[in-house]
Amino acid sequence: MAETGHAGGRHPAAGSALPRAATLAAPPAHTVALPPAAGRLLARLGAPLDGLAARAFGSRWNPLHQTGTVAVLAFLVAAVTGIYLFLFYQIATPYESVVRLEQEVFGGRLLRSVHRYAADLALVAAGLHVLRKLAQGHTWGPRRGAWWSGLALVAATLLCGWTGLVMAWDAQGLAVAAAGARVVDLFPLLSEPIGRTFAGAAPVPSSFFFMNLFLHVALPLGLAGLLWLHVSRLARPALLPPRRLLLGWLAFLVALAAVAPVPLLAPADPLALPGRLRLDVLYAFWVPLAAAVPPELHLAAWLLAFAAAAAVPWLWRPRRAKVVPSAVDETRCSGCRQCWEDCPYEAISMVPREVPSKLSAEVARVDPDLCVGCGICAGSCAPMGVGPAGRDGRSQLAELDALLALRRPGPREVVLIGCRHGAGGAPELRGVEGVVPWLSGCSGSIHTSVVEVALRRGAGGVFLLTCPPRNCLFREGPKWLEQRLWHDREAELQARVDRRRVASHAAGAGETREAAAALAAFRDRVRALATPVAEDSAAPAVECEAAAEVAS
Amino acid sequence: MTAPLARGAAALLLTAGFGAGLAWLSSRPLGAEPRHAAVRLALRTALGNLEVCRERTADELAALPAHMRQGRVCEDRRPDYRLELAVDGEPVLATRVRPPGIHRDRPLTVDELVPVAPGRRRLAVRFAPDLAAAPAAGPTPPAWRLDCATGLVAGRVLLVLLDGAELTVAGGACDTAATPETGRPPAAPSSSNAAPPGRAATPDARIAGTSVMPAPRNPLTTSTMATAVPTSGRW
C-alpha cells in the first residue's frame with residue numbers, strides 16, 4: 001500500500017459538516033512524490049549536461065528527456081534486425097555462420113553492427129532513464145511497482161545481451177560463456193556443471209547454442225511483457241520518441257554501423273587464456289573482474305547490486321515522506337469526467353453517486369494507491385471540486401490572494417507563475433524588473449481562474465513558466481496547461497480574458513537565461529498595451545464564483 | 001540564422017561524440033596479454049561407486065510386507081576424492097572433491113584452472129579416493145595419476161582431462177616416457193574390505209600402461225593426447 005492521506009479519495013468535507021475552509025489548510029511537507037536530497041543533488045550534477053543537450057537540441061528534442069522511449073526504440077531496432085540475422089545463423093557452426101553473414105550476406109555486416117549498437121543504445125538509454133528517475137524521485141510510493149518492473153527490464157536486457165554476445169562464439173563469446181558458467185555452476189540446477197563444456201576437450205555441443213539462441217529469442221518476448229507491466233499504470237504512455245527524433249536515432253545507428261562496424265574477434269579457443277580482448281563493456285564489463293575473483297564473490301556482488309536496486313523504493317525517498325492524494329468534493333463534482341480524462345496515472349475513476357444529486361449521476365473517485373499527488377486534476381476541474389488538500393483550485397486562489405495582498409502588482413507588472421519543480425525558482429528569473437513571482441505546483445495543476453484573477457487584481461500580464469513537455473515531473477502538466485490556455489480544453493481560460501496579457505513558456509534546467517529573456521520581452525509587450533483596470537468590484541462570472549468566494 | 005546554425009552544429013557535435021563513445025564502449029580492449037600458462041584440470045568420472053551390501057535380519061524381514069522381503073540390501077556411495085597437482089615437484093593444488101547430489105552419488109566433476117609459469121615443466125596429477133572417509137566395506141574405487149613433462153607456452157592452456165576411464169592431456173604434448181612413475185599401481189588399500197593388491201577395483205580400471213592416441217575431432221584444439229592409467233586404491 002502506498003503512503004497516502006485520505007483513504008478512499010473522497011473529499012474530507014464531502015457529505016460532512018466540516019467547514020469548507022478545511023480544504024484550504026496548508027499542505028503538509030512532502031505531500032508530493034518528490035526526490036530526496038540525494039535525488040536533488042543528482043539533478044544538480046546532471047543539470048549542466050541537461051542544459052547542454054537542451055541548448056543543442058532544444059527542449060522539445062532533448063534526448064535526455066526521451067530516455068525511456070529511446071530505450072524502447074533501440075529495443076525494437078534490435079528486434080527487427082535480429083530477425084534478419086536469425087535467418088542466417090546456424091547453431092551447428094555458429095562462428096562460421098557469423099563470418100558468412102558478414103562476408104556473403106547482403107547487408108549482413110551493416111545489420112549486425114546496427115543490431116549490436118541498438119542493443120548498446122538500449123542499455124545506455126535505460127541507464128540514463130534510471131538516473132533520471134532517481135533524480136526526479138520517481139522511486140517510491142505509488143511508483144515503486146514501476147521501479148521494480150524497470151529493474152526486471154534492465155536484468156532481462158542484460159541477459160539478452162549476454163546471450164547475444166555468446167551467439168557469435170568468438171573470443172568474447174567464450175569469455176562471457178565461461179565466466180557466466182562459473183556462476184551458474186554454483187547453483188545445483190543442472191545435473192552436472194556446464195563449465196566443463198567450454199574446457200576444450202570436445203566441441204561445444206549444438207544443444208548449447210540451441211538453448212542460447214532460444215533464450216536470445218525468448219527474452220525479448222519477456223521484455224515486451226515487462227514493458228507492458230512497466231507502463232501499465234500510466235495513461236497514454238509514450239512508447240516511442242517523436243517522429244523527428246525517431247528518424248534521427250535510426251539514422252544515427254545506421255551511420256555509426258557504417259563508420260565503425262562492430263568487429264568479429266578470433267574464433268573461440270578454449271585452450272587459449274583470454275588475454276587482451278575487445279569487449280563490449282556495456283554488457284561484458286564484469287568479465288575481466290569475474291576471472292579475478294571467486295565465483296561466490298562474483299555472485300554475491302550481483303546479488304548485492306540487485307538487492308540494493310530493489311530496495312531503492314525504501315532507501316531513495318525523502319524522510320517522513322507521505323503522498324497526499326487528491327480528494328473529490330462530491331458537492332461540487334459535476335461528473336464531467338475531465339479529471340478522469342486528464343489524470344496521467346489513471347488514478348481517477350467515475351462511480352455512481354452514493355447520495356443522489358441533481359449535479360450528476362456519476363462522481364469522480366480517486367484511488368489513493370495510484371495517486372502521486374500531482375494535482376493535475378485540480379487544474380482540470382472547472383468547479384474546483386477535486387485536488388490534493390491545500391493545492392486544489394480554491395487553495396490556489398487563496399494563496400494568490402494572500403500574495404497579491406502583500407505585493408499588489410501594477411498594470412506595468414507581470415505575475416510570473418513558475419512551476420516549483422522546474423525552472424520556476426531559477427535565480428535568473430528573480431532579477432527581472434517588474435515581475436511578481438509566484439511559485440506554483442506542477443503547471444498542469446494551475447487552475448485557469450488563477451490567471452484570470454491575477455489580471456483582475458491589476459496585473460498587466462501573467463507569464464506561466466512550465467517544464468519542457470517531455471520533462472514534466474508528472475508527465476502531462478505542460479501539455480494540459482497549453483490545451484486549457486490556448487485550445488479550449490475543459491476548465492479553459494475564459495474567452496473574456498485578454499490573450500495578449502497571457503504567455504506560457506517551457507524551459508528546462510539549462511534554459512533559464514532564455515526564459516528570463518522571454519519573460520522580459522513579454523513584460524515589455526504588456527507595457528506597450530493600454531492600462532488595464534483592476535476589477536476587484538466586478539461581478540464574478542460563473543467560472544470565477546469560487547474566486548470571488550475565496551476573495552470575499 | 002546564426003543561432004540555428006550554431007545549434008545544429010552543436011547537436012551534430014554532441015551526436016558524433018555520443019556515437020564515438022558508444023563505439024568505443026562497444027569494443028573496448030580490456031585485460032592484458034597473459035604472461036603465464038595454465039593447466040586446466042577438467043575431470044569427470046562416474047566410476048568409484050561403492051556398493052555396500054548387508055543381509056537383513058530375520059526380524060527386519062518379518063517387519064516388511066511379504067512382497068518386499070528382499071534379503072540383501074545394497075546402497076551406492078561415492079567417496080570423496082583428493083586432487084593434487086604438483087609442478088616440478090612443488091604442490092600447486094591440493095583439494096578435496098565431494099560428490100555432488102543430495103545422496104552424494106552424482107558423478108564427480110572438477111574444473112580447475114591453475115596458472116603455471118611457462119617453460120619446460122614436470123607435472124604430477126593425482127586424483128584418488130579419500131578412503132579415510134569412505135565406508136569400510138565394498139570394492140576399492142579407482143584412482144588416477146599422471147606424471148609427465150611438457151612445454152608450457154604463455155597464454156596457452158594444457159588440458160588434463162578425465163572423461164570416462166582415462167586421464168588424458170590436450171593442448172600440448174606431455175612426455176609420459178620421461179615419468180617412470182606413471183602407471184605404477186597404487187599401494188594396497190589399508191581397509192580390510194578393500195580389493196586385494198593387483199586386483200582391479202572396477203571393471204573400468206583394467207587399463208594399464210601408457211599409450212599415445214590421436215586427439216579427438218575438435219576444431220578448436222590441435223594437440224595430441226597422452227593417456228595415463230586409472231589405478232585402483234590408495235596411492
Side-chain angles (χ1 to χ4, degrees), chain A residues 52-53 55-58 61 63 93 113 116-117 119-121 124 172 174-175 178 181-182 185 188 191-193 195-196 198-204 248 252-253 255-257 259-263 265 267-285 287-288 291, chain B residues 6-16 18-34 36-38 40-44 100-102 106-107 109-111 113 115 153-159 161-163 168 170-172 215-223 225:
Chain A
L52 189 66
R55 276 190 210 101
F57 297 94
W61 311 109
T93 53
S113 296
R116 170 84 158 271
Y117 284 135
D120 287 337
L121 177 62
V124 170
Q172 177 176 227
L174 172 63
R182 292 179 74 206
D185 284 344
S191 61
E192 290 184 27
R196 287 182 74 252
F198 314 117
V204 177
F252 165 80
L253 285 172
L256 185 61
V259 171
V262 171
L265 307 187
D269 180 2
L271 296 181
L273 291 170
R276 190 168 175 79
L277 283 180
R278 291 171 75 89
L279 291 175
D280 185 337
V281 290
L282 291 166
Y283 283 94
F285 59 92
V287 170
Chain B
R7 177 171 269 204
L12 209 62
L13 208 65
L14 275 180
T15 308
F18 179 73
L22 197 66
W24 182 72
L25 289 171
S26 187
S27 58
R28 188 189 164 196
L30 275 183
E33 288 304 335
H36 60 84
R40 184 167 195 169
L41 301 163
L43 315 177
R44 178 192 184 279
I102 293 172
R106 301 292 306 156
T109 53
V110 174
D111 188 18
L113 191 70
V153 181
R156 300 296 300 175
V157 176
L158 183 81
L159 179 65
L161 180 71
L162 173 65
D163 206 348
T168 57
R217 287 189 63 227
N218 181 355
L220 304 176
T221 60
T222 55
S223 63
M225 300 182 72

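Note: hydrogens, waters and symmetry copies are ignored here, and every other heavy atom, side chains too, is used. Residue numbering restarts at 1 for every chain, and letters A, B, ... go by the order of the sequence lines.
- Taking every heavy atom of both residues into account, A:Ala56 and B:Ala11 meet most closely at O-CB, 3.6 Å.
- Listed options A:Asp120, A:Val287, A:Val259 were ranked by heavy-atom pairs under 4.5 angstrom with chain B; first place goes to A:Asp120.
- For B:Ala16, no part sits under 4.5 Å from any heavy atom of chain A, backbone or side chain.
- Counting all heavy atoms, side chain and backbone alike, A:Ala272 lies closest to B:Arg156 at CB-NH1, 3.4 Å.
- Rounded to the nearest 0.5 Å, atoms CH2 (A:Trp61) and CZ (B:Arg7) are 12.0 Å apart.
- Closest of all the heavy-atom pairs between A:Leu256 and B:Ala23 is CD1-CB, 4.1 Å.
- Looking at A:Ala199, both its backbone and its side chain come within 4.5 Å of chain B, counting heavy atoms on both sides.
- The two residues A:Ala53 and B:Leu14 have their closest heavy-atom pair at CA-CD1, 4.2 Å.
- At a threshold of 4.5 Å between non-hydrogen side-chain atoms, the residues B:Val110 and A:Arg196 do not count as touching.
- Options B:Gly31, B:Gly101, B:Ser27 differ in how many heavy-atom pairs under 4.5 Å they form with chain A, and the most are formed by B:Ser27.
- Using a 4.5 Å cut-off between heavy atoms, B:Leu41 makes no contact with chain A at all.
- In this structure, the side chains of B:Leu22 and A:Phe252 come closer than 4.5 Å at one or more pairs of heavy atoms.
- Taking 4.5 Å as the limit, every side-chain heavy atom of B:Leu25 sits out of range of all side-chain heavy atoms of A:Tyr283.
- Across all their heavy atoms, B:Ser26 and A:Arg116 have their closest contact at O-NH2, 2.9 Å.
- Of the two parts of A:Val281, the backbone and the side chain both hold a non-hydrogen atom closer than 4.5 Å to a non-hydrogen atom of chain B.
- In this structure, the side chains of B:Leu30 and A:Phe285 stay at 4.5 Å or more apart for every pair of heavy atoms.
- For chain A, the nearby part of B:Pro107 is the side chain; its heavy atoms alone come within less than 4.5 Å.
- Contacts with chain A were tallied for B:Pro100, B:Ala20, B:Ala32; B:Ala32 has the most, counting heavy-atom pairs under 4.5 Å.
- Of the atoms belonging to A:Leu265, not a single heavy atom falls under 4.5 Å from chain B.
- Your options are B:Pro115, B:Pro29, B:Ala10, and the one with the most heavy-atom pairs under 4.5 Å with chain A is B:Pro29.
- Contact check for B:Arg44 versus A:Glu192: side-chain heavy atoms found under the 4.5 Å cut-off.
- With rounding to the nearest 0.5 Å, the separation of CZ in B:Arg28 from CG in A:Leu277 is 13.0 Å.
- Of the listed residues B:Ala9, B:Ala154, B:Gly19, B:Ala38, the one with more heavy-atom pairs under 4.5 angstrom with chain A than any other is B:Gly19.
- Between B:Val157 and A:Leu273, the closest side-chain pair of non-hydrogen atoms falls below 4.5 Å.
- In this structure, the separation between CG on A:Asp185 and CG on B:Asp111 is 7.5 Å, given to the nearest 0.5 Å.
- Counting heavy-atom pairs under 4.5 Å between each of A:Val124, A:Leu253, A:Val262, A:Leu279 and chain B puts A:Leu279 at the top.
- Of the listed residues (A:Ala284, A:Gly275, A:Gly58), the greatest number of heavy-atom pairs within a distance under 4.5 Å of chain B belongs to A:Gly275.
- Inter-residue side-chain proximity for B:Thr15 and A:Phe57 is flagged as met; some heavy-atom pair is nearer than 4.5 Å.
- At a 4.5 Å heavy-atom cutoff, the contact between B:Leu43 and chain A is made by backbone atoms alone.
- Heavy atoms closer than 4.5 Å to chain B are found in both the backbone and the side chain of A:Leu282.
- When all heavy atoms of B:Thr109 and A:Pro193 are compared, the closest pair comes out as OG1-CG, 3.3 Å.
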